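Shown next, in structure tokens, is the structure this report addresses.
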Amino acid sequence: MTKDSSAPALAIHGGCGVMAEHEMTEQEWDAARDALKQALRAGAVVLQRAGSALDAVQAAVLVMEDSPWFNAGFGAALNADAQHELDAAIMCGRTLAAGAVCGARQIRNPVLAARSLLDAGESVLLGGSGADRYALQQGLACVDGDYFTTPRRVEALEAMRRHQLAGTYKAAKEAEKHGTVGAVALDQHGHLAAATSTGGYTNKPVGRIGDSPLIGSGTYARDGACAVSGTGQGEYFIRHVLAHDIASRVTYAGESVQQAAAHKIMGVFKDLGVGAGVIAISADGEVAAPFNTIGMFRGWILPDGRACVGSHRDLYYFDL
Ligand code: ASP
């Protein structure tokens, strides 16, 4: 999965909280894969026009935030109060500029608020009502919380509450628990960027913040090293400062992104019993997308300019 060093690269994920293959119809899987294709195309168009990695990851995440198939924006998970609290971050590998929001309740596209903060260059992370107010002041689209709710998320909350009462929380399916969307890119100017957006996990405590908006945990990009976006139980990503740790392994230990990402996801996290996945792109366009759950919505541009998407083991190839 290594690309010509001048060629742009892009990878996306729609979370490692996917259902088992038999739990959705083939039409539903097709629809989810179509949404991934749209997200890849949105990012690829930016890169093909010599745009920045930053704009590309934003464009890809935006599409997934607007899709009901993924746990971010429209279709985000519900917390213990049956409300949505959204987290997102975006980071530029060239300048290390970053923007993030957490616990936002009204921002239709949290990645846009994160990007606005990055561009403003003052605060990196705004939380809760402050993030909502900032988005409103910036003229970003704001909505009532109900906008984000889909029947699938209501069912997932009910399932998690049943697990809680029955004491079977650990046995809950990954799809009932969580999910996230993210994108990483390398542009033709050699710059990296990463963005991540999530509703967190279903039935999470009110006020809980995950790894996605924390720079270095669920989202990180540094030119010369790699760009990383994670999905999985955020508390572990925070404790391991996972995205930054992968970049450090690449920089200081000379590992490839595939080695560094696999070490954490297929080694350390798997041994800990933590369901997780990441996407990462190196400074020379190598893509890594390991996951230790039954599946992870994912996709990337291939060295020949075509692209692929997948949810479980199989990958589906298509022309951009
Ligand atoms: N990492 C997200 C969080 O903990 C959830 C996920 O990706 O599944 O908020």
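What you see below is based on every heavy atom in this structure, not just the backbone, and it leaves out hydrogens, waters and symmetry mates. Both counts, for ligands and for their atoms, begin at 1 and track the order of listing. Treat the numbers as computed from the prediction; the structure is a model and nothing was measured.
- Those atoms of ligand 1 that come under 4.0 Å of a heavy atom in Thr231, given as number and element, are 6 (C), 7 (O), 8 (O).
- Using a cut-off of 4.0 Å between Lys/Arg side-chain N and Asp/Glu carboxylate O, Lys204 and Glu235 are scored as not salt-bridged.
- Numbered from 1 in the order shown, with element, the atoms of ligand 1 that lie under 4.0 Å from a heavy atom of Thr180 read 1 (N), 2 (C), 5 (C), 6 (C), 7 (O), 8 (O).
- In the candidate list Arg208, Met296, Gln233, Glu235, Arg208 is nearest to atom 4 (O) of ligand 1, counting heavy atoms.
- Between Thr196 and Ser212, the side chains place no donor N or O within less than 3.5 Å of an acceptor N or O (distance only, hydrogens not considered).
- In terms of polar-atom proximity, Cys16 is not counted as a contact of ligand 1, lacking any N or O under 3.5 Å from an N or O of the ligand.
- Checked by distance only, ligand 1 and Asp87 stay at 3.5 Å or farther apart across all their nitrogen or oxygen atoms.
- In this structure, the side chains of Phe291 and Met266 stay at 4.5 Å or more apart for every pair of heavy atoms.
- Of the options Glu65, Met64, His13, a side chain to side chain contact (heavy atoms under 4.5 Å, CB included) to Phe70 is made by Met64 and by none of the others.
- Using a cut-off of 4.0 Å between Lys/Arg side-chain N and Asp/Glu carboxylate O, Arg33 and Glu28 are scored as not salt-bridged.
- Ligand 1 lies within reach of Gly179, whose nearest heavy atom is under 4.0 Å from it.
- Of all the atoms in ligand 1, the ones that sit under 4.0 Å from a non-hydrogen atom of Asp211 are 1 (N), 2 (C), 3 (C), 4 (O), 9 (O).
- If you take CG on Asp132 and CD on Gln106, they are separated by 4.5 Å, rounding to the nearest 0.5 Å.
- Regarding atom 8 (O) of ligand 1, its nearest protein heavy-atom neighbour is His178 ND1, 2.3 Å.
- Salt-bridge annotation for Arg105 and Glu85: present, with a side-chain N of the basic residue lying under 4.0 Å from a carboxylate O of the acidic one.
- Backbone and side-chain nitrogen or oxygen atoms of Gly232 are examined, and one is located within less than 3.5 angstrom of a nitrogen or oxygen of ligand 1.
- Remark: ligand 1 and Gly234 share an N or O pair separated by less than 3.5 Å (distance only, no angle test).
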